[in-house]
Amino acid sequence: NNTLVAYNKRGELLWTYSIEKGQAFKNYKLSRDGKYAVMGVSEEGSRRFFSLKSHFILLRDGNEKWRKSSKGEAGDIAISPNNAYIILTSRSRYNTYVIIYTIDGAELWNSVVKGTPTYLVDAPDNVNISPDGRFFAVSAKDESEGICHIYFFENRDLLIRGVKEKLLREIDELIKR
């Protein structure tokens, strides 16, 4: 079924949202307060050399606020703790992207974080935002090298990028400053 359903703590239905036939949910995230839902949606059967047609949809209380085309296959999603912005990841055949939107749908920033053909690279595995919204990190596995690349940002500036084990030490040193 292609329907997202939200319930409150008592199990009462709050809202439902259905996507069109021929589309599939790639992923979704709910805001901490439950007011917002963001989902990545793809056209079923559109995968050819990672040129998947997909888009992201933001809902507020079950109503669509905006819809943004993805630069390829929809990846992970993160919503800032204060609902001020949303980080979306996607991949095309040759790049992995990170895009930040305001909750109202204005694009704040975008970056290509991996310029390797993505038939060698998994979609971005994870995007996380620190509790204060100041830092965020994106990871992407490179199956050809058997390693995980991590990109660590502060206020949209790339601070560090590297391989998981080495990078964790560098991030720890950076946070201690």
Side-chain angles (χ1 to χ4, degrees), residues 1-6 15-32 35-81 83-129 133 135-144 148-153 155-158 161:
N1 194 337
N2 291 339
T3 302
L4 186 63
V5 181
W15 51 262
T16 63
Y17 183 84
S18 297
I19 56 176
E20 298 169 20
K21 185 175 181 174
Q23 295 183 333
F25 289 112
K26 293 292 295 175
N27 51 33
Y28 67 91
K29 288 281 170 55
L30 296 173
S31 62
R32 288 183 182 179
K35 289 182 182 178
Y36 296 95
V38 182
M39 64 196 89
V41 177
S42 67
E43 303 291 327
E44 293 179 333
S46 66
R47 179 184 289 274
R48 182 174 179 200
F49 302 113
F50 297 98
S51 63
L52 195 67
K53 293 179 185 175
S54 60
H55 54 274
F56 292 97
I57 300 170
L58 174 76
L59 305 177
R60 180 182 170 123
D61 299 322
N63 298 306
E64 187 173 320
K65 277 194 70 162
W66 52 253
R67 178 182 296 238
K68 302 291 182 181
S69 294
S70 172
K71 293 183 178 184
E73 183 175 7
D76 200 17
I77 300 165
I79 302 172
S80 66
N83 295 338
Y85 61 94
I86 297 164
I87 301 175
L88 307 173
T89 64
S90 64
R91 69 174 172 163
S92 67
R93 183 174 181 187
Y94 293 103
N95 292 304
T96 297
Y97 301 94
V98 177
I99 305 163
I100 302 176
Y101 289 100
T102 66
I103 204 74
D104 295 320
E107 184 175 313
L108 290 175
W109 178 83
N110 71 69
S111 180
V112 177
V113 296
K114 183 86 174 139
T116 303
T118 54
Y119 59 86
L120 302 175
V121 180
D122 283 347
D125 293 314
N126 211 330
V127 58
N128 282 299
I129 302 173
F135 298 100
F136 71 94
V138 176
S139 68
K141 285 184 192 169
D142 188 327
E143 296 297 337
S144 67
C148 181
H149 296 275
I150 298 177
Y151 303 84
F152 189 68
F153 298 83
N155 298 323
R156 302 187 304 257
D157 294 324
L158 178 62
R161 81 169 184 232

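Heavy-atom basis, side chains included; hydrogens, waters and symmetry copies ignored. This is a predicted model, so every value here is computed, not measured.
- A donor-acceptor contact shorter than 3.5 Å is absent between the side chain of Lys26 and the backbone of Glu73.
- Listed for the Ser80 side chain is a donor-acceptor partner under 3.5 Å among the backbone atoms of Tyr85.
- Asp104 is linked by a side-chain contact (heavy atoms from CB on, under 4.5 Å) to Lys65, Thr102, counting only residues two or more places apart in sequence or in another chain.
- Rounding to the nearest 0.5 Å gives a distance of 10.0 Å between OG of Ser70 and NE2 of His55.
- Residues forming a salt bridge (charged side-chain N to carboxylate O under 4.0 Å, His left out) with Lys29 (at least two apart in sequence, or on another chain): Asp76.
- Nearest heavy-atom pair across Leu4 and Ala37 is CD2-CB, 4.3 Å.
- One N or O on the side chain of Ser54 and one on the backbone of Ala74 form a donor-acceptor pair closer than 3.5 Å.
- Looking at Arg32 and Pro81, their side chains come closer than 4.5 Å, going by heavy atoms from C-beta outward.
- Between Tyr101 and Leu58 there is no side-chain heavy-atom pair separated by less than 4.5 Å.
- Here the straight-line distance linking atom CG of Leu88 with atom CD1 of Ile79 works out to 9.0 Å at 0.5 Å rounding.
- With sequence neighbours excluded, no residue forms a ring pair (Phe, Tyr, Trp, His ring centres under 6.0 Å) with Tyr36.
- Partners of Asn110 according to the side-chain contact (heavy atoms from CB on, under 4.5 Å) rule, which considers only residues two or more places apart in sequence or in another chain, are Lys71, Ile99, Glu107.
- With sequence neighbours excluded, no residue forms a side chain to side chain donor-acceptor pair (under 3.5 Å) with Asp61.
- Between Tyr17 and Asn63 the shortest side-chain heavy-atom distance does not fall below 4.5 Å.
- The salt bridge (charged side-chain N to carboxylate O under 4.0 Å, His left out) test applied to Arg67 returns Glu64, not counting sequence neighbours.
- Partners of Thr16 according to the side-chain contact (heavy atoms from CB on, under 4.5 Å) rule, which considers only residues two or more places apart in sequence or in another chain, are Thr3, Val5, Leu13.
- In this structure, Lys35 has no salt bridge (charged side-chain N to carboxylate O under 4.0 Å, His left out) partners at least two apart in sequence or on a different chain.
- The minimum heavy-atom distance linking Ile77 with Tyr28 is given by the pair CD1-CA, 4.2 Å.
- Using a 4.5 Å cut-off on side-chain heavy atoms (C-beta onward), Val98 and Val127 make no contact.
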Stepwise, does the side chain to side chain contact (heavy atoms under 4.5 Å, CB included) test hold for Ile57 with Trp66?
CA-CA 6 Å; Ile57 300 170; Trp66 52 253; over 6 Å; no

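- Using a 4.5 Å heavy-atom threshold, the side chains of Ile103 and Ile86 count as touching.
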